[in-house]
Amino acid sequence: MATQRTFSIIKPDATRRNLTGAINAKIEAAGLRIVGQKRIHMSKAQAEAFYAVHAERPFYNDLVSFMISGPVVVQVLEGENAVAAYRQVMGATNPADADAGTIRKEFAESIEANSVHGSNSDENAVIEIGHFFTEEEIVG
Ligand code: ATP
Ligand code: MG
């Protein structure tokens, strides 16, 4: 069985409400291992680069402003089918559509302030991890 990595961000709405530990508890309960983690305040340039794929979307500028409105916790998660496993724990983008027990159902404030980010493919996980971590900072 393949162990994979995914990239996670605990977003400013969640750090502001002291939910880092509660979110990490859900991550770990799902069998994912937090193998890299740091609390940072993203620069505007970092947030713009990270969300470049959404540059044409109407919510892009607001999303960048939100992501730099406070500290975030960037993480590397490891586990079996990590990308899909984490997206299941996160729940749907819009908390109104998220399943019971998911991070977004329990904690998200809105479709934008939805508490967490998780990669949507193995390829993007590698790219996104590379935005914030060196290999030396990831300890399995
Ligand atoms: P993420 O990429 O953060 O894991 P996702 O893959 O579920 O979430 P995307 O479609 O990639 O969602 O959108 C990225 C982020 O942009 C969302 O998590 C959310 O914060 C914000 N976003 C998405 N759709 C909207 C919208 N309609 N209005 C405002 N913000 C939005
Ligand atoms: Mg996405």
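Bear in mind the structure is a predicted one, so any value in this text is a computation, not a measurement.
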Would a hydrophobic clustering, with Ile, Leu, Val, Met, Phe, Trp and Tyr connected at side-chain separations under 4.5 Å, put [X] with [Y]?
X	Y	value
Ile27	Val83	no
Phe59	Phe66	yes
Ile103	Ile10	yes
Leu77	Val35	no
Leu63	Ile111	no

Candidates Asn24, Ile23, Asn18 - the one meeting side chain to side chain contact (heavy atoms under 4.5 Å, CB included) with Thr20:
Asn24

Between Gln88 and Asp99, is any side-chain donor less than 3.5 angstrom from a side-chain acceptor?
no

Quick one: do the Asp13 and Ser115 side chains pair a donor with an acceptor below 3.5 Å?
yes

Strictly distance-based, threshold 3.5 Å: is any side-chain N or O of [X] a donor or acceptor partner for the main-chain N or O of [Y]?
X	Y	value
Arg5	Ala82	no
His41	Ile68	yes
Thr6	Ala125	no
Tyr51	Gln46	no
Glu28	Ala25	no
Thr102	Ala98	no
Asn124	Ser119	no

Distance (rounded to the nearest 0.5 Å) between [X] [atom1] and [Y] [atom2]:
X	Y	atom1	atom2	value
Gln75	Arg33	CD	CZ	14.0 Å
Ser43	Met67	OG	CE	11.5 Å
Ser65	Tyr60	OG	OH	10.0 Å
His131	Ile9	NE2	CD1	9.5 Å
Ser8	Leu32	OG	CG	9.5 Å

Is any side-chain heavy atom of [Y] closer than 4.5 Å to one of [X]?
X	Y	answer
Glu78	Gln4	no
Val74	Ile40	yes
Pro95	Lys105	no

Over all atoms of both residues, closest heavy-atom pair of [X] and [Y]:
X	Y	result
Tyr86	His117	CE2-O, 3.4 Å
Pro12	Val72	CD-CG1, 3.5 Å
Gln37	Phe133	N-CE2, 3.7 Å

Contacts of Phe132 that satisfy ring pair (Phe, Tyr, Trp, His ring centres under 6.0 Å) - sequence neighbours left out:
Phe7, Phe50

Identify, with sequence neighbours excluded, every residue that meets salt bridge (Lys or Arg N to Asp or Glu O under 4.0 Å) alongside Lys26.
Glu106

NZ (Lys44) with more than 12 external heavy atoms under 6.0 Å
no

By the definition side chain to side chain donor-acceptor pair (under 3.5 Å), identify the one residue from Arg104, Lys11, Arg16 that meets it with Glu109.
Arg16

